[in-house]
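Reading through the structure tokens given below for one structure.
Only this structure's heavy atoms are used, side chains among them; waters, hydrogens and symmetry mates stay out.
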Amino acid sequence: DQAMTKIPNPYPGAKPLTEDHRDLLLGRDDLIEEFAALKERYAFLSEQRDDLIEAKEGLERAIEEMDRVSRDRLVAAFESLQKALSAVFPRLFGGGRAVLSWTDPENPLESGIDMLVQPPGKRPQPLLTLSGGERALAAASLLFAIMTVRPSPFFVLDEVDAALDEANVDRFAQLLQEYGKRNQIIVITHRQGTMERADALFGVTMERHGASQLVSLRLDDALPAAP
């Protein structure tokens, strides 16, 4: 047998095989087949890796495009909501103004929204610093602004007017009646001023102890026709 001093390696950058490998190579007639199998496996995995990298890059481009479109739509909706709020707020408060702002203007998709309210004759202040009635009225103005920007088949308002005084209940009910011409609105309330402007009333009464009865009334049918 001839001593094997060096086996050339056809792959540049790889360490050449020397005499240290002779014991491993002698008697291994299956090395060529094993090498071919490994080479095929390597080619398959490399192809899969390239496909994954391409898919990852495509997914990142799609996410960037979705974020861009979502950001543009969100900013446009925010501006429309601010415009609607500027029109609705003075009608409920009898003046004043309300301003919406991003908590993180650089990243609207991850940002919260603050509401700065200025009732008539008062300084601008955050929503949480208002009285209970003022907070309820400010929240109602935001709800009506949302109804303007994004109409829905119906809305459900639960005791929104509970903390309002009589004057504010009247303004709230007027606006509710106006929006009720374009939207179906279900209002849960105990305030007479709100009920007086409803098209229909549904309630539960207990004529005798332990026996509840559902009653309904359409006010258009109950009210006498004008002469």
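- Here the shortest heavy-atom pairing between Gln118 and Arg123 reads CG-C, 3.9 Å.
- Put simply, the side chain of Leu85 reaches to within 4.5 Å of the side chain of Leu100, judged on heavy atoms.
- Checked by atom type, the side-chain pair Asp114/Thr103 shows no donor-acceptor distance below 3.5 Å.
- In this structure the side chain of Phe202 never reaches within 4.5 angstrom of the side chain of Val215, judged on heavy atoms.
- Atom CD of Glu40 is surrounded by 12 or fewer heavy atoms from other residues, nucleotides or ligands within 6.0 Å.
- In this structure, Arg218 contributes its side chain and Ala200 its backbone to no donor-acceptor pair below 3.5 Å.
- Under a hydrophobic clustering in which Ile, Leu, Val, Met, Phe, Trp and Tyr are joined whenever their side-chain heavy atoms come within less than 4.5 Å, directly or via other members, Val99 and Phe78 fall into different clusters.
- Looking only at distances, a side-chain donor or acceptor of Ser80 sits under 3.5 Å from a matching main-chain atom of Ala76.
- Taking the charged nitrogens against the carboxylate oxygens, Asp67 and Arg71 have no contact shorter than 4.0 Å, which rules out a salt bridge.
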Run the side-chain contact (heavy atoms from CB on, under 4.5 Å) check on Phe154 and Asn183 step by step: do they pass?
-> CA-CA 6 Å; Phe154 69 91; Asn183 305 277; over 6 Å; no
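- Counting heavy atoms from C-beta outward, Ser212 and Thr205 have side chains that stay 4.5 Å or more apart.
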Please walk me through it: do Arg171 and Leu175 pass side-chain contact (heavy atoms from CB on, under 4.5 Å)?
-> CA-CA 6 Å; Arg171 285 196 292 265; Leu175 205 57; over 6 Å; no
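- Side-chain contact check for Leu116 versus Ser101: every heavy-atom pair is 4.5 Å or farther apart.
- One finds the CG atom of Leu201 at 9.0 Å from the OG atom of Ser216 (value rounded to the nearest 0.5 Å).
- Taking all atoms of both residues into account, the shortest heavy-atom contact from Val149 to Ala77 is CG1-O, 4.5 Å.
- We find that Arg191 and Glu166 are joined by a salt bridge, their nearest charged nitrogen and carboxylate oxygen being less than 4.0 Å apart.
- One distance of note links CZ of Phe155 with CD1 of Ile185; it measures 7.0 Å at 0.5 Å rounding.
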Can Leu157 and Ile188 be said to form a side-chain contact (heavy atoms from CB on, under 4.5 Å), step by step?
-> CA-CA 6 Å; Leu157 306 181; Ile188 301 172; over 6 Å; no
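- With rounding to the nearest 0.5 Å, the separation of CG in Leu164 from CG in Asp170 is 11.0 Å.
- Of the possible donor and acceptor atoms, one in the side chain of Asp165 sits under 3.5 Å from a partner among the backbone N and O of Asn168.
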Does the side-chain hydrogen bond (donor to acceptor under 3.5 Å, both in side chains) test come out yes or no for Gln174 and Glu178, once each step is laid out?
-> CA-CA 6 Å; Gln174 288 180 9; Glu178 178 182 323; over 6 Å; no
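- In this structure, the side chain of Gln82 engages the main chain of Ala98 through a donor-acceptor pair within 3.5 Å.
- Under the 3.5 Å distance criterion, the side-chain polar atoms of Arg197 are left unmatched by any main-chain donor or acceptor of Ala173.
- Shown here for Leu127 and Ala138, the closest heavy-atom pair between the two residues is CD1-CB, 3.5 Å.
- No continuous path of ILVMFWY side-chain contacts below 4.5 Å connects Met195 to Val187, so the two sit in separate hydrophobic clusters.
- Judged by distance alone, the side chain of Ser111 and the main-chain N or O of Asp104 form a donor-acceptor pair under 3.5 Å.
- Looking at heavy atoms from C-beta onward, Phe93 lies in side-chain contact with Pro120 at the 4.5 angstrom threshold.
- Annotation: Arg182, atom CZ; neighbour count of heavy atoms from other residues, nucleotides and ligands within 6.0 Å is above 12.
- Leu92 contributes atom CG, which lies 10.0 Å from atom CG of Leu176 (distance to the nearest 0.5 angstrom).
- One finds the CE atom of Met115 at 6.0 Å from the CZ atom of Phe89 (value rounded to the nearest 0.5 Å).
- When atom types are taken as modelled, the side chain of Thr194 and the backbone of His190 share no donor-acceptor pair closer than 3.5 angstrom.
- Note that CG of Leu81 is 7.0 Å distant from CD1 of Ile113, once rounded to the nearest 0.5 Å.
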Using distance only, find each side-chain donor-acceptor pair of residues 51-61 under 3.5 Å and give its atom names and separation, not counting sequence neighbours.
residue	atom	partner	partner atom	Å
Lys56	NZ	Glu60	OE2	2.7

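- Side-chain contact between Leu74 and Leu109 is present, with at least one heavy-atom pair separated by less than 4.5 Å.
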Applying side-chain contact (heavy atoms from CB on, under 4.5 Å), run through Met147 and Phe144 and close with a yes or a no.
-> CA-CA 5 Å; Met147 291 182 191; Phe144 283 119; 3.8 Å; yes
